[in-house]
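Structure record follows, encoded as structure tokens.
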Amino acid sequence: MDFLEILLELTQQEDGNSSLTMNQVKGLLLRDPETWENPLQFQPERFLRDAGKGDYQGNNFNFLPFGSGRRICPGIPLGEKMVLYVLASLLHSFDWKLPEGSQIDLTDKFGLALNKQEPLIAIPIAKLSSSQHYY
Ligand code: HEM
């Protein structure tokens with residue numbers, strides 16, 4: 001079946017019409033097995049193997065987390081720094097563990113942006129030598 005047909009079927013409404021937002025198209029493109037090997041698997045290392053696939057400056061139409069063209073996100077440089085800084089701070093300052101008996105569930109929920117179906121609950125454990133380092 002043609003990829004477009006699958007898109008239309010997935011978004012069919014009760015009145016027979018289909019409505020597809022740009023974000024839904026993007027979400028589905030990121031699952032296209034012709035472009036992404038094992039698209040449903042969380043494999044961030046895929047971008048290390050092939051750096052071109054992770055180019056998000058708007059020229060690679062298979063991967064547009066910041067959009068493209070005239071309306072491309074102007075916050076890319078700040079976003080790049082903030083995501084890295086916040087993540088690095090959280091990993092540097094805390095050990096993380098899951099609540100007793102729970103497991104990580106990576107199932108996602110289709111929507112305007114990709115959300116996890118089950119929220120992640122992670123417990124931070126302070127690991128810096130002095131509590132003053134947390135202020
Ligand atoms: C990781 C962080 C971010 C992501 C994933 C992101 C993603 C996006 C996306 C997908 C768009 C729509 C682009 C389009 O329509 O083609 C957008 C637009 C926009 N973003 Fe971001 N963004 C991020 C961070 C930021 C930051 C830090 C700022 C500002 C400080 C910002 C400001 C804007 C503005 C003003 C627009 C509208 C641009 C326009 O319509 O002309 N974004 N962003």
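Each ligand, and each atom within it, is numbered from 1 in the order the structure gives.
Atoms of ligand 1 lying under 4.0 Å from any heavy atom of Gly67, numbered from 1 in the order shown and given with element: 10 (C), 13 (C), 14 (C), 16 (O). Of all atoms in ligand 1, numbered sequentially from 1 with element shown, those under 4.0 Å from a heavy atom of Ser68 are 16 (O). If you number the atoms of ligand 1 from 1 as listed, the ones under 4.0 Å from a heavy atom of Leu78 come out as 27 (C), 30 (C).
Proximity of Cys73 to ligand 1, defined as any heavy-atom pair under 4.0 Å, is shared by backbone and side chain alike.
Here the shortest heavy-atom distance to atom 28 (C) of ligand 1, taken over Gly75, Pro74, Pro65, Pro77, belongs to Gly75.
Distances between N or O atoms of Arg70 and those of ligand 1 include no value under 3.5 Å.
By the ring-ring contact (aromatic ring centres under 6.0 Å, His included) test, Tyr134 pairs with Phe94, sequence neighbours left out.
Residue Gln57 qualifies as enclosed at atom CD: its count of foreign heavy atoms under 6.0 Å is above 12.
No chain of hydrophobic side-chain contacts below 4.5 Å, direct or via other Ile, Leu, Val, Met, Phe, Trp or Tyr residues, connects Tyr56 to Met82. Under the 4.5 Å side-chain heavy-atom criterion for ILVMFWY residues, no single connected hydrophobic cluster contains both Ile76 and Tyr85.
Smallest separation of non-hydrogen atoms from Leu120 and Ile104: CD1-CG1, 4.5 Å.
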